[in-house]
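What you see below is based on every heavy atom in this structure, not just the backbone, and it leaves out hydrogens, waters and symmetry mates.
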Amino acid sequence: MNLKKYTLLSLLLAALPAMSLTLERSNFKIVVPPGSPDPVKIAANSLARDFGKVMHWIPDVDSVPAKDSKTVNIIALDASHAGNIDGLKLKSLDGFESYRIYTDEKNRNIYLLGKDMRGAIYATYSFSEDFLGVPPLWYFCDWTPEFKPELHVAKGYDKLVKSPEVRFRAWFPNDEDLVNPWRKKSWQNDELWLEAMLRLKLNTVEYGPTVTYPDHKMDHNADLLKKYGLVLTSHHMVGLNNGFSNWENYWEKVRGMKAPELLLSNLDAIKEFWTYNVETVMQNEQENLWQIAFRGRRDEPFWSVFADAPQTDKERAEVINKMVRIQYDMIKDATGEDDPFVRMTFYDELSDLLAKGYLEPPAASNMLWTFVAGRRDHYPYDDLVNYDFSKPMLLGYYMNLQFTSTGAHLAPAESPWKMEQNYRYVTSRGPLTFSVVNAGNIREFVMEMSANADMMWDTKSYDTDRFLKKFCAQYYGEDLADEIAGLYRDYYYAYWLQRPSEFPGMDRQFIFQDLRHAQVFNQVLPQFDTYRPNPLSDIGFERIKGRSFRLTTDNHVDEIIAGMEQSSPRFSAVAARCDEMMKRIPKDRQQFFYDNLAGYAHYMAALSGSVGHFLKAYKGDGDRKQHLVESHCQLKDAQKALKSSQHGVFDTWYDTDRLFNIDSKIAALESLIDRID
């Protein structure tokens with residue numbers, strides 16, 4: 001070794017304690033001022049747990065700073081509680097949810113300071129990520145801590161993070177066939193995805209009905225959001241935190257009587273139902289982003305439920321306008337706020353009515369006009385594109401990363417680039433104040449949702465390519481980040497596009513996601529003995545003909561076969577490159593690489609091949625039995641690729657696969673093969 005270089009290094013190491021606050025076993029503690037909100041205390045205790053994993057020693061969490069000359073205080077606080085401890089030296093902050101991490105060497109303090117409760121939480125988790133190396137997705141990525149006997153925080157360290165550009169940044173867990181049974185297995189599964197949201201600096205969760213009966217209580221999910229300091233908002237079919245799916249429950253469990261008929265003429269009964277919901281939210285002191293809505297019992301228009309509903313679009317819109325104004329006035333009365341933040345979501349029929357100029361949300365400066373990405377294929381829809389935004393308004397946007405019956409479900413498909421393209425268009429129309437991404441069962445979309453969280457905090461400077469390289473460096477290692485980012489891109493670009501993009505600037509508007517593959521099996525299996533070139537039909541309540549599959553010809557079979565012959569080799573090529581990459585990734589990071597990318601490439605390669613062979617058998621193209629055998633083998637390979645990601649806390653993840661239901665399709669193919677025998 002070069003002696004001169006060695007001497008310089010020794011001097012630097014010797015000087016390090018003088019240049020920094022050194023954290024080592026037993027010489028520091030975490031301080032949370034008295035009276036601080038419970039969610040800040042939870043974050044502080046999580047930080048203590050992080051220290052335990054990295055330093056193999058868990059510091060105390062106390063309410064009083066140490067005054068001796070040896071102990072370092074890591075003080076997590078929101079600015080409103082700083083007065084509860086004397087002598088704290090607070091620096092300036094930005095607006096809501098801003099935070100600052102800085103040192104006070106003289107008093108041996110490290111401040112994790114937030115403008116408010118969530119600012120303090122973000123500061124705490126940011127410190128953990130920056131200094132302990134704990135990634136936001138640690139519970140999802142099979143994270144292995146790197147042991148550190150001591151940490152050094154440089155004197156004069158000062159990191160200021162200004163307020164996010166988007167005020168409400170939400171996930172919507174939906175179609176939870178996998179995640180709900182998984183959450184019931186342990187408290188960690190039930191709760192730590194909320195910690196991951198806070199580590200990513202999100203602040204809102206969207207749910208369906210959360211009001212329960214008969215005693216003015218919120219449900220378990222709402223209680224968890226309150227526990228962790230997250231905002232609750234409601235799904236687009238739910239107004240005032242409840243929906244007409246619970247109409248009978250209210251009257252039977254609260255009023256002890258048979259429910260009145262759902263009629264527009266029973267307005268007093270409807271108001272009573274809404275009053276109970278509003279009172280319940282207020283009594284539970286739930287931090288709530290209110291949603292106003294007037295729809296049916298489920299995800300359907302109100303006129304499919306109310307027998308006395310009018311028949312024309314204009315009259316129907318007038319009913320909605322009247323009902324949501326009543327709800328808005330209830331919110332104002334209950335909160336005592338003249339201009340509360342309130343959402344109205346324009347989904348499906350509401351989107352159409354708005355586009356026609358019939359819908360009129362309550363006029364208010366904090367009314368969030370929440371537009372929804374196009375149904376089944378996710379891009380800015382006609383209502384948003386064609387609306388006259390000459391009058392200033394605050395915008396919200398709802399984007400599906402998955403979709404119930406025809407979208408991505410067991411594998412990601414929409415891509416962070418498509419997410420960015422959607423939001424770039426929205427922000428070109430007005431100030432974005434609310435965002436929600438439909439997160440499905442969560443695990444499948446953690447990279448895409450991380451990208452969304454990053455963009456919602458700093459929209460102007462966000463760039464997907466830059467984000468993805470940063471993500472790959474954090475989870476797989478700096479040296480391989482560029483190459484792995486390229487693999488992610490090639491994975492998304494392997495999907496078959498049924499038709500060219502029509503929306504300007506969006507290169508992957510129409511995608512044949514994995515649930516569209518599933519629907520091919522669902523619809524063709526019952527008619528397998530009667531060949532038709534166009535066997536597929538629209539699904540459920542479809543307002544636009546052909547939207548379920550977006551096919552371009554009258555020969556569905558040949559069109560899909562050709563599409564599978566394009567996509568399956570592309571996915572196979574990505575899967576093979578992933579297998580080679582796996583050998584180069586550090587061993588402790590290989591599993592997450594498989595879980596988040598390689599496994600999905602193998603799954604989609606096999607699934608696409610299976611669908612192609614199945615339709616060739618249906619068409620009678622060559623040896624029908626051999627095509628069925630190959631389809632069966634590849635569908636089992638697809639399932640095997642998924643189940644290879646079952647490990648640790650995810651060891652039973654696919655046991656409750658209900659929406660795709662691969663097992664039933666494998667069994668159906670086996671039955672067909674036996675019948676041909």
Side-chain angles (χ1 to χ4, degrees), residues 140-142 175 177-179 182 401-403 405-415 440-448 484 487-497 508 511-522 560 563-582 590-615 630-647 650-667 669:
F140 292 86
C141 75
D142 209 35
D175 301 327
D177 55 330
L178 308 180
V179 74
W182 175 77
L401 298 178
Q402 72 95 51
F403 195 79
S405 51
T406 56
H409 185 66
L410 298 182
E414 296 306 313
S415 91
N441 287 296
I442 300 173
R443 187 189 185 202
E444 289 73 20
F445 308 102
V446 289
M447 187 275 283
E448 294 174 351
I484 296 176
L487 281 171
Y488 271 101
R489 189 176 187 92
D490 291 345
Y491 164 81
Y492 285 107
Y493 276 71
Y495 275 94
W496 175 45
L497 308 182
R508 303 188 63 74
I511 299 171
F512 211 74
Q513 308 100 329
D514 69 317
L515 283 188
R516 279 181 164 144
H517 291 68
Q519 290 293 348
V520 172
F521 284 114
N522 292 343
I560 295 174
M564 299 302 96
E565 288 177 343
Q566 291 177 31
S567 61
S568 184
R570 289 199 294 250
F571 280 120
S572 293
V574 174
R577 289 164 56 207
C578 285
D579 291 345
E580 289 301 311
M581 178 61 70
M582 188 88 76
Q590 291 175 0
Q591 185 65 60
F592 185 57
F593 177 74
Y594 182 87
D595 296 350
N596 197 249
L597 179 59
Y600 296 136
H602 281 284
Y603 163 68
M604 287 306 305
L607 177 60
S608 301
S610 177
V611 169
H613 281 287
F614 172 66
L615 289 182
E630 188 62 31
S631 178
H632 174 262
C633 289
Q634 292 207 33
L635 193 55
K636 292 194 75 173
D637 286 344
Q639 185 180 56
K640 180 181 178 182
L642 292 177
K643 290 196 171 185
S644 293
S645 72
Q646 293 190 144
H647 62 91
F650 298 106
D651 61 346
T652 59
W653 184 250
Y654 295 106
D655 288 2
T656 53
D657 165 30
R658 173 180 56 81
L659 282 177
F660 194 111
N661 201 349
I662 296 181
D663 282 335
S664 71
K665 293 168 178 58
I666 290 173
L669 289 173

What I'd like to find out is whether the side chain of [X] reaches to under 4.5 Å of the side chain of [Y], using heavy atoms alone.
| X | Y | value |
| --- | --- | --- |
| Phe571 | Leu607 | no |
| Ser610 | Phe521 | yes |
| Pro412 | Tyr492 | yes |
| Leu487 | Phe593 | yes |
| His517 | Met564 | yes |
| Tyr491 | Met604 | yes |
| Glu444 | Trp653 | yes |
| Asp142 | Gln590 | no |

side-chain hydrogen bond (donor to acceptor under 3.5 Å, both in side chains) test vs His409 passes for just one of Asp175, Asp177, Asp657, namely Asp177
Once you round to the nearest 0.5 Å, how far does [atom1] of [X] lie from [atom2] of [Y]?
| X | Y | atom1 | atom2 | value |
| --- | --- | --- | --- | --- |
| Arg658 | Ser664 | CZ | OG | 12.5 Å |
| Asp651 | Lys643 | CG | NZ | 12.0 Å |
| Tyr488 | Tyr600 | OH | OH | 9.5 Å |
| His613 | Glu565 | NE2 | CD | 8.5 Å |
| Ser608 | Tyr603 | OG | OH | 9.0 Å |
| Ile484 | Leu597 | CD1 | CG | 8.5 Å |

Pair Leu497, Gln566 - check side-chain contact (heavy atoms from CB on, under 4.5 Å), show working. CA-CA 10 Å; Leu497 308 182; Gln566 291 177 31; over 6 Å; no
Shortest non-hydrogen separation from [X] to [Y] and the atoms involved:
| X | Y | result |
| --- | --- | --- |
| Lys665 | Phe660 | NZ-O, 2.6 Å |
| Phe614 | Ser631 | CB-OG, 3.5 Å |
| Trp496 | Ile560 | CH2-CA, 3.9 Å |
| Leu178 | Asn441 | N-OD1, 3.0 Å |

Backbone of [Y] reached by a side-chain donor or acceptor of [X] within 3.5 Å:
| X | Y | result |
| --- | --- | --- |
| Ser572 | Ser568 | yes |
| Tyr594 | Ala641 | yes |
| Asp514 | Leu410 | yes |

Quick one: do the Gln519 and Arg516 side chains pair a donor with an acceptor below 3.5 Å? no
List the steps, then state whether side-chain contact (heavy atoms from CB on, under 4.5 Å) holds for Ile442 with Trp182. CA-CA 11 Å; Ile442 300 173; Trp182 175 77; over 6 Å; no
Where do Ser415 and Tyr493 land on the side-chain contact (heavy atoms from CB on, under 4.5 Å) test, with the steps shown first? CA-CA 9 Å; Ser415 91; Tyr493 276 71; 5.9 Å; no
I want to check a possible cation-pi pair here: Arg443 against Phe140, using under 6.0 Å from ring centre and within 45° of the ring axis as the test.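 The answer is no; the distance or angle limit is not met.
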Could you go through the side chain to side chain donor-acceptor pair (under 3.5 Å) check for Gln513 and Glu414 one step at a time? CA-CA 9 Å; Gln513 308 100 329; Glu414 296 306 313; 2.9 Å; yes
